[in-house]
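By convention in this document, chain letters (A, B, ...) are assigned in the order of the sequence lines, proteins followed by strands, and residues within each chain are numbered from 1. All values reported here derive from a predicted model rather than from experimental measurement.
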Amino acid sequence: MKRVNSALEQIDRYRWRLPREYRQDMRVPGIIYASREMLPHITEENVLGQVANVACLPGIIRASMAMPDVHWGYGFPIGGVAATDLEGGVVSPGGVGFDINCGVRLLRTRLDSTALDGKLEKLVRALWDCIPSGLGTTGIIRLGKRDMEGVLTGGACWAVEQGYGRYDDLLYTEENGQVAGADPDAVGLHARERGSLQLGTLGSGNHFVEIGVVDEIYEPEAARVMGIEKTGQVLVWIHTGSRGLGHQVADDYIKVMLEAMPRYGISVPDRQLACAPVSSKEGNSYLGAMRSAANYAWANRQIITHHARQAFASVINACENSIGLDLVYDVSHNIAKIESHSLEGKARSLCVHRKGATRAFPPGHAQLPELYSAIGQPVLVPGDMGRYSYILTGTQTAMEETFGSTCHGAGRMKSRKEAKRIIDGREFVKELAGRGIVVQAGSLSGIAEEASLAYKDITSVIDVVTGAGLSKPVARTRPVGVIKG
DNA sequence: ATGTTC
């Protein structure tokens with residue numbers, strides 16, 4: 001294994017370059033956003049090798065990038081950003097991830113944490129009862145063919161039309177919860193079958209619904225614009241994606257692309273980077289299917305939002321209006337988007353792969369809701385369930401350097417297997433309870449995999465993206481109640 | 001992440 005210090009060139013305190021000499025077929029360098037303390041972890045995990053492999057993709061522009069929460073993933077690292085040219089460049093399912101449009105949604109209540117006194121356990125239980133979770137879990141919704149078309153093309157908009165939530169929610173969802181260019185016909189029968197019973201369910205792994213309390217406010221004006229008024233205010237985080245449907249779409253198209261690559265004369269250093277030209281039949285079909293899965297995920301978070309509101313209403317004795325639960329924002333961190341970016345002073349359309357990386361558009365960007373035009377896009381970065389979650393905003397620096405992208409979470413430090421070996425789920429739940437954090441989870445081994453010890457400290461990740469100027473902290477919350485698969 | 005190796 002190459003030594004990190006000989007492989008990486010330090011650019012400044014938070015930026016490291018992996019030069020093209022690292023691997024002979026790299027088309028661009030790698031850029032890693034990290035503190036010096038994070039580097040040993042990045043080499044141990046062989047993230048550098050993955051960053052270098054991504055840098056070999058046809059049509060990759062500027063650099064293969066890694067955010068400070070980077071860790072090993074399927075083909076591409078999780079925490080990776082790669083933009084490709086629409087002409088001659090490729091799109092790769094591995095650059096999006098299996099959980100297409102995994103993302104985070106944040107709701108604000110008008111409640112102070114004292115409103116939860118004596119009710120927290122009951123509230124967590126109500127959320128647990130309203131929101132099915134766990135591996136392979138099905139919900140109460142049965143999607144027939146017609147409804148499935150509605151979900152795949154309409155996303156959260158379909159869900160609101162069906163009575164799940166409020167039209168206002170759509171205003172504060174990326175793409176209004178309904179990305180254009182979805183092609184339901186590109187979603188296979190098997191993917192549809194897997195998705196037909198899972199809408200409105202949380203899933204497992206790191207997916208959760210969390211009740212958080214505002215703990216610090218760093219930018220009062222931006223916070224106020226987001227409806228975050230003071231410490232002690234109760235917020236609700238929702239983290240989930242496209243469940244089995246998105247997984248199956250990824251699976252299906254990896255196979256399609258493996259088969260198509262030789263026909264386009266494409267070779268990649270790792271089969272897991274299977275890809276096809278963005279403009280090819282296969283590339284187009286994948287993007288159409290991926291957008292359909294993305295819409296499914298937005299519908300999923302929308303329905304879970306509706307059920308979370310019902311859970312709050314059933315426990316908190318207040319009218320809907322005084323509970324609030326308005327949407328602050330909903331943003332994806334596993335998706336490929338065709339976006340316009342400035343390259344050497346010229347606007348270019350690029351296919352931006354964000355895999356475990358959050359869009360972080362700056363103030364004034366045309367794709368932001370009017371409300372956020374002055375402050376920039378809300379960036380939602382949950383930490384592990386024992387520490388903090390951060391609300392930030394996008395910046396011009398991110399737009400210029402990382403195609404408008406930043407980190408997405410704390411970043412896994414220990415593999416799921418290793419975490420299960422060294423962490424006792426029951427002990428961790430007890431420890432959290434001692435700190436006033438109520439957790440309801442389907443499995444204790446699942447809890448062990450998601451324990452704080454398995455992750456980096458989110459604050460160290462936030463320090464890097466802040467220091468590098470990729471985003472700006474607005475506020476943070478501490479968890480008080482969590483449901484997990 | 002995932003009906004955790006169709």
Rounded to whole Å, please give me the gap between [atom1] in [X] and [atom2] in [N].
| X | N | atom1 | atom2 | value |
| --- | --- | --- | --- | --- |
| H190(A) | dT2(B) | NE2 | P | 15 Å |
| Q272(A) | dT2(B) | CD | P | 18 Å |
| R243(A) | dT4(B) | CZ | P | 12 Å |
| I78(A) | dT2(B) | CD1 | C1' | 13 Å |
| H207(A) | dT4(B) | NE2 | P | 16 Å |
| Q248(A) | dT2(B) | CD | C1' | 9 Å |
| N101(A) | dT2(B) | CG | P | 13 Å |
| Y253(A) | dT2(B) | OH | P | 21 Å |

>> For F361(A) and H365(A), take the angle between the two ring planes, folded into 0 to 90°, and tell me which bin it lands in: parallel under 30, tilted 30 to 60, perpendicular over 60.
In response: parallel
>> With a cut-off of less than 4.0 Å, is there a side-chain N or O of S204(A) near OP1 or OP2 of dT4(B)?
In response: no
>> I want to check one thing: is the phosphate of dT4(B), taken as OP1 and OP2, less than 4.0 Å away from some side-chain N or O of R416(A)?
In response: no
Taking distance alone, no hydrogens or angles, what donor-acceptor pairs closer than 3.5 Å link side-chain atoms of residues 58-65 of chain A to residues at least two apart or in another chain?
residue	atom	partner	partner atom	Å
R62(A)	NH1	E400(A)	O	2.8
R62(A)	NH1	E401(A)	O	3.1
S64(A)	OG	V51(A)	O	2.8

>> Just to be sure I understand the rule, does E449(A) reach a base, reach only the sugar-phosphate, or reach nothing, if contact means heavy atoms closer than 4.0 Å?
In response: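 Here E449(A) touches no strand at all.
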> Want to settle it: does L135(A) or H239(A) sit nearer the 5' end of DNA chain B, counting the closest nucleotide to each?
Replying inline: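 On the 5' side of the pair lies H239(A).
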> So which one's nearest nucleotide on DNA chain B is more toward 5', G244(A) or K255(A)?
Replying inline: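 It is G244(A) whose nearest nucleotide is closer to the 5' end.
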> side-chain contact (heavy atoms from CB on, under 4.5 Å) with L444(A): which residues, sequence neighbours excluded?
Replying inline: R426(A), V429(A)
>> I need the single residue from Y329(A), W298(A), Y372(A) that forms a ring pair (Phe, Tyr, Trp, His ring centres under 6.0 Å) with Y172(A). Which is it?
In response: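 Answer after filtering Y329(A), W298(A), Y372(A): Y372(A).
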